[in-house]
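Worksheet for the structure shown next.
Below, chains carry the letters A, B, ... as their sequence lines are ordered, and counting in each starts from 1.
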Amino acid sequence: MNTKKISFRVNGQAVTLEADVRESLLEALRNKLNLMGTKKGCGVGECGACTVLINGETIDTCIYLAVWADGKEIRTVEGEAKEGRLSKVQQAMLDEGAVQCGFCTPGFVMSITAMAESGQTFTTEEIKKELSGNMCRCTGYQNIVRAAEKVLQK
Amino acid sequence: MFDIANYEEARDLEQAIELLTKDPRAKLVAGGTDILLHVREGKLPEAHLVSIHEVAELKGIHLEADSTIVIKPVTTFTQVSSHPLIREHLPFLGEAVNWVGGPQTRHAGTIGGNICNGATSADSAPTLFALNARLQITGPAGIRTIAIQDFYTGPGKVALTQGEILTAIRIAPEDYRGFSGHYIKYAMRNAMDIATLSCSVLCKLGDANLVEDFRLALGVAAPTPIRCLKTETAVKGQTFSKELAATAGKTAVTEVNPRTSWRASKEYRLQLVAELSKRAFREAVAKRRNPA
Ligand SMILES: Cc1cc2nc3c(=O)[nH]c(=O)nc-3n(C[C@H](O)[C@H](O)[C@H](O)COP(=O)(O)OP(=O)(O)OC[C@H]3O[C@@H](n4cnc5c(N)ncnc54)[C@H](O)[C@@H]3O)c2cc1C
Ligand code: FES
Ligand code: FES
């Protein structure tokens with residue numbers, strides 16, 4: 001079997017694992033590190049359910065090879081709540097009722113978190129454009145956009 | 001799991017060429033946003049991949065001593081649009097690549113991959129055509145440079161032989177100095193959709209709105225991206241007016257050869273050619289008057 005030993009950080013913790021060269025980062029996170037928060041929707045880069053932050057940028061992990069994670073800094077939804085307290089983005093999503101079935105939520109949380117940490121403010125139109133890589137089958141988007149506005153339009 | 005039978009991670013350019021040359025089946029992977037989908041869809045069974053994802057010498061943008069702008073292929077769309085050299089000299093190229101997919105696609109997809117996949121819908125292509133971009137290609141036999149127009153040889157086909165790698169996109173100062181430009185992507189949705197038709201206009205106006213130079217390039221109007229050279233000749237040396245923009249659009253229609261596809265009929269695309277060329281011309285001129 002063709003594998004490669006890779007080391008990276010996930011949610012602040014150093015990890016080392018044997019990655020199969022055929023594996024997506026999504027599969028490695030879920031199957032090897034038990035980080036089930038990151039979801040698999042489409043598997044082809046369309047829906048954003050598998051979004052994590054790699055070196056601060058949102059990436060669809062379903063079309064990102066696990067071996068490329070070597071040396072990178074990764075953040076998944078599991079690292080966002082600290083000491084039992086939700087992050088600002090998570091709290092805003094809860095307050096605005098931006099979650100129905102919840103399948104898309106981890107991806108949206110990571111996308112909105114990246115925007116919040118950019119230090120910029122966003123118009124509603126800009127928020128919609130920045131969230132265009134994340135899809136939701138249930139909410140109708142209004143509540144998600146409102147949650148994003150709450151965090152991004154100070 | 002992806003159906004990958006063999007995977008090699010290139011350390012540097014030299015090794016990437018060596019790995020590609022050794023294995024005639026091997027395909028390059030940069031950002032993977034095209035090729036990993038092909039693997040997933042079963043179009044490339046038991047894929048052999050050579051990755052340039054981590055090759056530092058193939059990333060970045062710089063200015064040469066003679067002011068040529070050099071864009072390395074493994075630069076992501078996000079890095080292209082946010083780069084200070086692009087913002088200063090080629091803002092219209094940054095705007096064009098900002099229309100690719102969603103943010104996640106722009107963080108992973110590269111400008112080199114966008115050209116090398118040969119798609120006529122590639123969002124970077126029309127503007128690079130209008131800029132007379134020259135492509136530096138490195139292979140086992142050395143380095144060659146060709147015009148982007150000669151690189152596209154048919155739908156999904158480019159002039160690369162096994163072992164060759166696109167190593168730089170070069171834009172000469174005479175092709176960007178004094179130009180303003182505008183790109184329009186017409187798609188069925190505002191985001192996450194590929195172009196039904198796309199259009200890039202670059203222009204340079206002199207005194208009294210004289211059109212000193214004019215470049216018009218279209219995507220999805222033919223099997224490859226194209227320049228409308230007849231239209232360019234007709235427009236150059238004229239005084240800019242709304243009528244001239246409309247004439248440019250009408251002339252462009254005579255130079256294209258779009259197909260009917262599930263996205264749009266040939267007739268609809270012809271109408272888009274006229275309309276988008278006109279609008280992009282007007283916008284390019286408007287941008288010159290109000291430098292951002
Ligand atoms: C959800 C989604 C939406 C998308 N939307 C758009 C869109 O709106 N507009 C658009 O234009 N594209 C779009 N794309 C397509 C894709 O993202 C782009 O074409 C991207 O630029 C490909 O770059 P890459 O580095 O990921 O390519 P890869 O998949 O790594 O490679 C693409 C091809 O180019 C070859 N290649 C790559 N680099 C080189 C090189 N340096 N030298 C020689 N050959 C090379 C590879 O062998 C392969 O054949 C979308 C893709 C996805 C998944
Ligand atoms: S599962 Fe990755 S984008 Fe849909
Ligand atoms: S809440 Fe169900 S997919 Fe978004």
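With sequence neighbours left out, the side-chain hydrogen bond (donor to acceptor under 3.5 Å, both in side chains) criterion links B:T21 to no other residue.
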Are there any donor-acceptor pairs closer than 3.5 angstrom between chain B and chain A, and if so, which ones?
| unit_1 | atom_1 | unit_2 | atom_2 | d |
| --- | --- | --- | --- | --- |
| B:M1 | N | A:E27 | OE2 | 2.5 |
| B:F2 | N | A:R22 | O | 2.7 |
| B:Y7 | OH | A:W68 | NE1 | 3.0 |
| B:R40 | NH1 | A:G43 | O | 3.0 |
| B:R40 | NH1 | A:C62 | O | 2.9 |
| B:S51 | OG | A:W68 | NE1 | 3.2 |
| B:E54 | OE2 | A:K72 | NZ | 2.7 |
| B:N98 | O | A:K129 | NZ | 3.0 |
| B:Q104 | NE2 | A:T51 | OG1 | 2.9 |
| B:Q104 | NE2 | A:N134 | OD1 | 3.1 |
| B:H107 | ND1 | A:T58 | N | 3.3 |
| B:H107 | ND1 | A:T58 | O | 2.7 |
| B:H107 | ND1 | A:T58 | OG1 | 3.0 |

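Most heavy-atom pairs under 4.5 Å with chain B, from the set A:I54, A:V21, A:L131: that is A:V21. Comparing A:C62, A:A114, A:G45 by how many heavy-atom pairs each has under 4.5 Å with chain B, the most go to A:C62.
Summarising the geometry of A:I63 relative to B:L37, their closest heavy-atom pair is CG2-CD2, 3.3 Å, with the distance given to 0.1 Å.
Within a 6.0 Å radius of CZ in B:R87, no more than 12 heavy atoms belonging to other residues, nucleotides or ligands are found.
Atom CG of B:L36 sits about 5.0 Å away from atom CG of A:L65, to the nearest 0.5 Å.
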